[in-house]
Amino acid sequence: MAEVTWITAGGERITAEVGDGVNLMEAAVANRVPGIVGECGGGMMCATCHVYVESDHRTGEPGPIEADLLDFADAPRRDGSRLSCQISARPELDGITVEVPPAW
Amino acid sequence: MAVVDQRPTAARCPVTSGFRPFDHDGTYEFFSMARREAPVFYNEETDYWVVTKREDVLSVFKDPERFSASNVLDSLEGYPEELTRFLTDNGFTVEPVQSNTDRPRHTRIRQSAGQFLNPRRYREYEPRIRALVREYVNGLRGKDEADIVAELTHEMPARVVFMLLGVDDVDPLMIKRWALNRATMIWGKPTRQEMIDAGHELNDFFHFCKEIVEDRKWAPRDDYPSKLLELRGGDDSVLTENEIVCLVFALLLAGHEAVTNGLTISILTLLENRGTWEELVADPALIPRAIEEVLRHSTPVMTWRRRALEDVELSGVTIPAGGKVLLSLASANHDEGQYERPSDFDIHRPDARGHLSFGYGIHVCMGAPLARIEMKIVLEELINAFPGMELVKGQRPAWTKTMAHRGPQSLLVRLGGSDHG
Ligand code: HEM
Ligand code: FES
């Protein structure tokens, strides 16, 4: 279980408890976080789950396929860019904040 | 909860009798009633369980364990025995490769296809797509009035597929005819003779794909079939040669009909909503938002299919094991539970992109990023060249009548000259 806070492009903060193993795209969609679509259901095809993770490196670095796709996300890739479908909640992530880029 | 067979009740219900799967007039009004009164209902005419609410459609897409995709390309009418025999006798070895396969086969094939059909590759084609679109737009210059379907949206997407396939010496209109035939065989209501004629052409089409693959075996190029052959590297456990031919065949069917309709519908919808057109003229950066809202508001692929592998309850209705399921993407995209005032066309809604027009999950459309690039380029170029474009008044274009694809077969516009540049 981890408490996760999304900061939307509009500045709204949405906080939710996310069960271990649930990925942050699914959790965002379940909590209706605007800007997270997750069109490919975590298949690493769409990049519509792009987020900026606070830069304390708890979530690790994107793998090669993920890194490739991040270059094609709608919002610019920057430090901390991740596909949130590739991050699973676990106790070490408790209290983490992720920023959602503007939808377009 | 008692398991009740819903069929007899459903047959008397106004919702069921109002469902006209092949005629898209009044479809949105019908579905709005269905979502209220019978969000999942059985339709006798087609023998399908129709699912109308976004949440239910999404839960089917998310559940490939219980909903098989094996019937996605089944012919609603079924092939006449004579045609099946003709196809078998003529080496028509089409087998399921993508949209109508289940795991693990689907995963294996999709992974290979995705090595080429991906956003990075598509991005590389952008300059060539823009050049192609400009060719068509230049052909329109100087005209007062034009049919935008005949002169742009019908043919252009087929030529983009040709780029991916490395084909440059084929008449795009032949591909359009083949694909439309195929769509009618699958989702339409052809007569027996129409079905047989279409089947003969389909066989030519398949052999055309075979020739492309055969050619790339000896003379590889930088294209989709060559990439698939390279990945195969002679290993049937990666992809068989017949699977590669089927992937080429599938791309020639999947890759342009929906784009044609998406483009025509975009132009129609934007010109009907003049204020939005003017907004895009003033700020073309809004085009991607407009595209998502068109896809939501006026869905080009209206329905998609699955088959239940076990009894599944959705919105209180039990779909029995083996039941054929028709997902109304158009209805899901107008669900009041997700969208405020769903029938309004509003490019500023925050959540348009959550539409299900490209499906969802493991089968989500592999061409979605390409379709978005094509739509964006066409709208940018048209708006730049003909900011004063208008619909010709009083026209009533015929619409394609299949259960899936939907789009006007012609669209007359006045180009209104005044060039930007
Ligand atoms: C506006 C245009 C388009 C629309 C509305 C559209 C719609 C769809 C839909 C609804 C599906 C089913 C998804 C699911 O079952 O979850 C699909 C699948 C597919 N589409 Fe598209 N499509 C479009 C353009 C394209 C293009 C341009 C290509 C190819 C370059 C393409 C290739 C495919 C393929 C290969 C699949 C099967 C994927 C799989 O089963 O794994 N589509 N499309
Ligand atoms: S949900 Fe599509 S890449 Fe993450």
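- Contact of A:L69 with chain B is made through the side chain alone, with heavy-atom distances under 4.5 Å.
- Between A:S81 and A:H50, the side chains place a donor N or O and an acceptor N or O closer than 3.5 Å (distance only, hydrogens not considered).
- Of the possible polar contacts, none joining the B:S112 side chain to the B:I109 backbone as a donor-acceptor pair under 3.5 Å is found.
- A donor-acceptor distance shorter than 3.5 angstrom exists from the side chain of B:R232 to the backbone of B:L239, with no hydrogens or angles considered.
- Only the backbone of B:L117 comes within less than 4.5 Å of a heavy atom in chain A; its side chain stays farther off.
- For B:R110, there are no salt bridge (charged side-chain N to carboxylate O under 4.0 Å, His left out) partners two or more places apart in sequence or in a different chain.
- In terms of heavy-atom pairs under 4.5 Å with chain B, the best-connected choice from A:G38, A:G43, A:P34 is A:G38.
- Proximity to chain B among residues 11-32 of chain A is limited to A:M25, A:R32, judged by heavy-atom separations below 4.5 angstrom.
- Between A:E92 and A:R90 there is a salt bridge, since at least one side-chain N of the basic residue sits less than 4.0 Å from a carboxylate O of the acidic one.
- Residue contact with chain A, scored on non-hydrogen atoms closer than 4.5 Å, involves the side chain of B:R123 exclusively.
- In this structure, A:R78 pairs ionically with A:E99, as a charged nitrogen and a carboxylate oxygen lie closer than 4.0 Å.
- Using a 4.0 Å cut-off between charged side-chain N and carboxylate O, B:E340 and B:R349 make no salt bridge.
- Between B:E293 and B:R296 there is a salt bridge, since a side-chain N of the basic residue sits under 4.0 Å from a carboxylate O of the acidic one.
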